[in-house]
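A quick note: this is a predicted structure, and the numbers were derived from the prediction, not measured. Numbers restart at 1 for each chain; the letters A, B, ... are given by sequence-line order, proteins then strands.
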There are 2 protein chains.
Amino acid sequence: MATEQIPTEAGAGVDRKTALSSSLRHRILTMQIAPGSVLDEIALSEEFGLSRPPVREAMRQLAGEGFIELEANRPARVTSMSYQSLRDFFLVAPLIYAATTRLAAETATKADIAGLREIQASFRQSVEGDDIDGRVFYNDQFHLRIGEVANNPYLLPSLRRLLIDHARIGKIFYRPANAQMQDNLEEACRQHDDIIDAIAHHDADRAEALVRAHLDLSRKNMAMYAAPEGMQVAIGV
Amino acid sequence: MATEQIPTEAGAGVDRKTALSSSLRHRILTMQIAPGSVLDEIALSEEFGLSRPPVREAMRQLAGEGFIELEANRPARVTSMSYQSLRDFFLVAPLIYAATTRLAAETATKADIAGLREIQASFRQSVEGDDIDGRVFYNDQFHLRIGEVANNPYLLPSLRRLLIDHARIGKIFYRPANAQMQDNLEEACRQHDDIIDAIAHHDADRAEALVRAHLDLSRKNMAMYAAPEGMQVAIGV
DNA sequence: CGCCTATCGATTGTAGACAGATTGCCGCTC
DNA sequence: GAGCGGCAATCTGTCTACAATCGATAGGCG
């Protein structure tokens with residue numbers, strides 16, 4: 001267990017607790033830690049040079065965000081996934097994604113657009129390179145940022161929860177399997193660009209349509225067994 | 001500080017940490033602790049006979065649920081509310097409430113219906129009596145239970161977040177001010193009954209329409225300054 | 001031979017005490 | 001007299017150590 005790889009994406013050298021949280025989020029999103037796995041408090045405290053209480057605090061927080069599940073007198077486990085999860089996901093995702101994207105299109109500033117383009121640049125780089133975890137991570141960051149631009153505290157919790165499993169579903173299904181999937185990936189990348197454009201032009205209708213198509217692409221990319229049509233949403237603010 | 005009043009609604013004598021969480025939730029929902037108030041770790045640890053670490057754990061959890069807000073090296077504060085909050089609330093609430101209610105109508109079992117009726121009985125009792133906190137609390141429980149019946153892990157986080165402010169908005173505006181408001185309150189109570197009926201008959205369309213009307217009633221019950229129309233949702237599963 | 005039970009080990013939960021940061025106050029200087 | 005700087009008190013963040021609970025294994029009984 002000398003593998004001391006600490007991928008603290010934010011590079012928080014001093015704040016080890018933040019590093020712990022970020023690292024765990026990243027590992028869970030990229031399935032370095034599989035759904036259902038147990039998390040050992042002592043191992044984590046040693047890895048990050050902390051004692052157990054702050055580790056436990058971080059656990060509670062991650063549990064609140066939906067990354068892990070806690071049970072009394074039992075070890076923490078990474079939130080599990082099932083076929084039911086997939087069904088639930090594709091039922092709700094269009095609803096939430098469409099709503100956040102619409103709101104983002106209405107309120108985005110130039111700084112917001114710049115931030116989105118920056119993330120998208122990293123995503124495109126991951127797509128062109130062979131960085132699977134990067135794709136998963138920056139796709140997550142992209143949609144999360146849209147949610148932050150939308151800036152509605154009631155919508156964000158569900159978006160965050162969706163994004164966790166969006167990343168994990170992606171990690172499962174977006175393997176470099178065949179040429180068709182590579183095409184789809186590049187299509188997804190173009191859709192990101194188009195979504196940014198629509199948001200930049202405050203075109204909520206187009207942004208919503210694009211994000212729906214974006215989700216449909218994900219859905220079609222995997223076996224159809226778990227994919228209902230999803231809720232339709234028409235927003236008239 | 002001999003005031004050892006422990007209003008643990010669940011009466012969890014042994015599990016003091018659960019009692020702490022439940023009590024804080026209840027106090028925040030009923031605005032016994034006002035938005036923006038600071039929470040003193042030491043005072044809470046003394047009140048519930050705990051040391052600070054478990055109190056801090058509970059704080060992290062409550063922060064994840066949206067009840068309080070944490071900042072580094074600063075005291076925990078109850079999540080604040082603003083005019084913007086009200087606007088955001090009525091924009092998103094119809095979307096989430098409609099979706100959860102539809103799903104509940106599709107999946108509810110007889111046991112679920114019985115549970116809803118039980119909560120509704122307590123709500124009606126609070127309405128007929130003069131128990132304002134009871135109204136706030138059981139209305140919260142009613143809609144939360146519908147969310148639990150819907151049983152979609154991606155929808156629940158936002159519903160929970162909405163319900164926090166639904167309760168607090170209710171506490172602000174549903175004072176026993178005038179006869180009109182009393183009428184509205186009784187109307188809301190009848191709507192609850194109707195919603196249960198619609199769910200029991202698996203009539204998703206009717207359930208959705210009812211819950212939208214239910215929210216409109218809330219919206220009309222207060223000054224119109226903060227109330228946009230809200231997003232429309234049409235669900236075709 | 002199989003099932004139940006009791007004890008042991010390991011892990012979770014908690015307590016009390018210590019370092020680091022922040023805020024408010026007081027005194028000093030201009 | 002007003003503004004700035006330093007000091008102290010308080011609170012947050014953390015650590016070490018102890019208690020309680022759970023799971024597994026081994027032994028005994030039917």
So if I take every side-chain heavy atom of [X] and compare against [options], which nucleotide ends up nearest?
X: B/Arg16; options: C/dA15, D/dG13, C/dT22; value: C/dA15
X: B/Pro75; options: D/dT12, C/dT23, C/dG13; value: D/dT12
X: B/Ser51; options: D/dT14, C/dT14, D/dT12; value: C/dT14

Whole-Å distance between [N] [atom2] and [X] [atom1]?
X: A/Leu20; N: D/dG13; atom1: CG; atom2: P; result: 15 Å
X: A/Leu50; N: D/dT12; atom1: CG; atom2: P; result: 19 Å
X: A/Leu70; N: C/dT12; atom1: CG; atom2: C1'; result: 11 Å
X: A/Ile68; N: C/dT12; atom1: CD1; atom2: P; result: 12 Å
X: B/Asp15; N: C/dT12; atom1: CG; atom2: P; result: 17 Å
X: B/Glu71; N: D/dT12; atom1: CD; atom2: C1'; result: 13 Å
X: B/Arg74; N: C/dA21; atom1: CZ; atom2: P; result: 13 Å
X: A/Asn73; N: C/dG13; atom1: CG; atom2: C1'; result: 7 Å

Taking any heavy-atom pair under 4.0 Å as a contact, classify B/Arg56: base, sugar-phosphate, or nothing. base

NA contact type, A/Pro54, heavy-atom cut-off 4.0 Å: base, sugar-phosphate, or nothing? sugar-phosphate

Can you tell me if [X] and [Y] form a side-chain donor-acceptor pair at under 3.5 Å?
X: B/Tyr154; Y: A/Asp165; value: yes
X: A/Ser21; Y: A/Thr18; value: no
X: B/Asn139; Y: B/His192; value: yes

Which atom of B/Arg168 lies closest to which atom of B/Ser80, heavy atoms considered: NH2-O, 4.0 Å

A/Ser218 and A/His166: which non-hydrogen atoms are nearest, and at how many Å? OG-NE2, 3.9 Å

Want to settle it: does B/Glu41 or B/Pro53 sit nearer the 5' end of DNA chain D, counting the closest nucleotide to each? B/Glu41

Short side-chain N/O contact to C/dG13 OP1/OP2 from B/Lys17, under 4.0 Å: no

Want to settle it: does B/Glu57 or B/Arg52 sit nearer the 5' end of DNA chain C, counting the closest nucleotide to each? B/Glu57

